[in-house]
Number of protein chains: 2
Amino acid sequence: MADLKSTFLKVYSVLKDELLQDPAFEFTDASRQWIERMLDYNVPGGKLNRGLSVIDSYKLLKEGKELTEDEIFLASVLGWCIEWLQAYFLVLDDIMDNSVTRRGQPCWFRVPKVGMIAVNDGVLLRNHIPRMLKKHFKGKPYYVDLLDLFNEVEFQTASGQMIDLITTIDGEKDLSKYALSLHRRIVQYKTAYYSFYLPVACALVMSGEDLEKHTVVKDILVQMGVYFQVQDDYLDCFGDPETIGKVGTDIEDFKCSWLVVKALELCNEDQKKLLHEAYGKPDPENVAKVKAIYKDLDLQGVFAEYESQSYAKLNASIEAHPNKSIQAVLKSFLGKIYKRQK
Amino acid sequence: MADLKSTFLKVYSVLKDELLQDPAFEFTDASRQWIERMLDYNVPGGKLNRGLSVIDSYKLLKEGKELTEDEIFLASVLGWCIEWLQAYFLVLDDIMDNSVTRRGQPCWFRVPKVGMIAVNDGVLLRNHIPRMLKKHFKGKPYYVDLLDLFNEVEFQTASGQMIDLITTIDGEKDLSKYALSLHRRIVQYKTAYYSFYLPVACALVMSGEDLEKHTVVKDILVQMGVYFQVQDDYLDCFGDPETIGKVGTDIEDFKCSWLVVKALELCNEDQKKLLHEAYGKPDPENVAKVKAIYKDLDLQGVFAEYESQSYAKLNASIEAHPNKSIQAVLKSFLGKIYKRQK
Ligand SMILES: [Mg+2]
Ligand SMILES: [Mg+2]
Ligand SMILES: [Mg+2]
Ligand SMILES: [Mg+2]
Ligand SMILES: [Mg+2]
Ligand SMILES: [Mg+2]
């Protein structure tokens, strides 16, 4: 596993070098240096789960057959395309959210002399994806499927981001909009497609599969992505900050979190009034009032129930799939997230 | 011609309606309204030259054969894809340049309640392009060529934007960087590919041509795009504000304009010192000093010489092309811009 990660990171260097020599553009020294620094700052510093899971999934689809070096390389390229996509979204998301830090360092747009140039850097990150795909997959029978796949998932992610942004426009903080249907839509589009479906879809395409025939796999992975985000929302409030590596601020940030949605569903009129008053305020007193309501409504119990039901449902859907190697891929994903504490 | 434009605008409505019903995303009412308003605000309000020239070029390639309704529609879709690409770049460029107005109205990010959501709106505009291409061209033998073409041109445009941005980082105003080679590079990548090459390339692809075999056409169009931008730089200072519809501010904005580059090339040491002191300052006295140097160096004469030489060279390249219908396309472009006053 440590070995897989180091192989994967070596591919990053190869891809970066190729991008810095792209013949479609005449780099100046300054622009080549800019791109290199921008890539190193934004692309490889995450957990790399999404990227690595392309290789894992492809292995499982090959049912234990040893992968060739070429196959490992190509699966890694697709993995990095997902990491590039994520970097693109995060760079722009941090600008839009006016965030301060990301992955333990200042957000890219806050780095001196970067500022709003980060918008174009986000665009460049996105543009690197088709450059890498063309370089390594042009001529393969599934090349156009990869282009379509990345295009569709990017569209869905940006659309999810849009509903997230327009439901939380400054000065229009309106808790009555928050319902489970909206939460599910934001989460499904903004996170689930690119984080859960895309890695497996890449592995399937590389295995020669037609994605049109795998809508069931897509549905299961999207459901898993929603479950993952509900966990994320839960841990933001009830997780151990030491373990998850940050102090949650969803309540202060007026986030459309699964917890507030559930609270609004279960509360009485007095509690609803209190929630409307206290949710989205920055001071600890109001945060404490919200958390007290969450506890009064036993959201920890409600979540435990949601978690076991989700797990059972996902497991049943996976078991019902006719293909054993695809079952293995899906089970591997589910196993990694079930009852996670971080 | 007025008829062509109204046909073209009807296709806009069709495309917008399709995007608002895209089955890849579950719109909420609010998000559907947001997109509609965002598209109407940003996409159709320009001169539409780039989009219309796809249809014009395709007609010329067909050598006078009457186009079918289907052909006109498809050429229009490609034309709108270019207009969408332009809208995407302009929305983001205005954010990065902190601009105030665009096409006679406030920049999109300055519209109340939009703000930084405009970053994601730019991303959505970009994402609409592959949605439109997939809807109308999937299954055509040249579908993948269209995807590759739009991807490459977008990459080149974003790369040109990058050198523009990093050579004018705030607090690093350094006139000594400005040279003809840098100017050419910015202009070629930021403007020429998408404004001149892309419309013709779309028409060629739709005609069944292999773009790999048309590098000469590409070179000519890119040269024309550079010439067009030099005119733009010239008119910014020496054009009639009534005619061009705006008062130029390239001097105040410290732009890497062809004029300042030529001035730096031709000036003596005293003039160079004066340019370094006065260029990029907002007050009319300094602007007047720069303009006085431009006049002393007879940049109007230098430009007239550049213009006639560019025209002669481009014309000769066009005449040398073996294909008469391609000659007609290129001549039509050149005819539209030669000695333009706006
Ligand atoms: Mg954020
Ligand atoms: Mg956000
Ligand atoms: Mg969270
Ligand atoms: Mg601008
Ligand atoms: Mg600009
Ligand atoms: Mg100009």
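As the structure is a computational prediction, the values presented were derived from the model and not from experiment.
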(Q) Once rounded to the nearest 0.5 Å, what's the spacing between atom CD1 of B/Ile117 and atom CD1 of A/Ile166? (A)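 Result: 7.5 Å between the selected atoms.
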Q.
So for B/Leu165, is it side chain, backbone, both, or neither that comes closer than 4.5 Å to the heavy atoms of chain A?
A. both
Q. Who among B/Ile129, B/Val123, B/Leu182 has the most heavy-atom pairs with chain A under 4.5 Å?
A.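 Highest number of pairs under 4.5 Å: B/Val123.
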Q | Winner by heavy-atom pair count (cut-off under 4.5 Å) against chain A, out of B/Val144, B/Val114, B/Leu124 | A | B/Leu124
Q) Do you know which two heavy atoms are closest between A/Gly160 and B/Phe25, and how far apart they sit? A) N-CE1, 4.2 Å
Can you list every donor-acceptor pair under 3.5 Å that links chain B to chain A?
| unit_1 | atom_1 | unit_2 | atom_2 | d |
| --- | --- | --- | --- | --- |
| B/Ala24 | O | A/Gln156 | NE2 | 3.0 |
| B/Glu26 | N | A/Tyr189 | OH | 3.3 |
| B/Glu26 | O | A/Arg185 | NH1 | 3.2 |
| B/Glu26 | OE1 | A/Arg184 | NH2 | 3.0 |
| B/Glu26 | OE2 | A/Arg184 | NH1 | 3.0 |
| B/Glu26 | OE2 | A/Tyr189 | OH | 3.1 |
| B/Phe27 | O | A/Arg185 | NH1 | 3.0 |
| B/Lys113 | NZ | A/Glu172 | OE2 | 2.6 |
| B/Asn120 | ND2 | A/Ala158 | O | 3.0 |
| B/Asn127 | OD1 | A/Phe155 | N | 3.2 |
| B/Asn127 | ND2 | A/Glu154 | OE2 | 2.9 |
| B/Arg131 | NH1 | A/Glu152 | OE1 | 3.4 |
| B/Lys138 | NZ | A/Asp148 | OD2 | 2.4 |
| B/Tyr143 | OH | A/Asp148 | OD1 | 2.6 |
| B/Asp148 | OD1 | A/Tyr143 | OH | 2.6 |
| B/Asp148 | OD2 | A/Lys138 | NZ | 2.4 |
| B/Glu152 | OE1 | A/Arg131 | NH1 | 3.4 |
| B/Glu154 | OE2 | A/Asn127 | ND2 | 2.9 |
| B/Phe155 | N | A/Asn127 | OD1 | 3.2 |
| B/Gln156 | NE2 | A/Ala24 | O | 3.0 |
| B/Ala158 | O | A/Asn120 | ND2 | 3.0 |
| B/Glu172 | OE2 | A/Lys113 | NZ | 2.6 |
| B/Arg184 | NH1 | A/Glu26 | OE2 | 3.0 |
| B/Arg184 | NH2 | A/Glu26 | OE1 | 3.0 |
| B/Arg185 | NH1 | A/Glu26 | O | 3.2 |
| B/Arg185 | NH1 | A/Phe27 | O | 3.0 |
| B/Tyr189 | OH | A/Glu26 | N | 3.4 |
| B/Tyr189 | OH | A/Glu26 | OE2 | 3.1 |

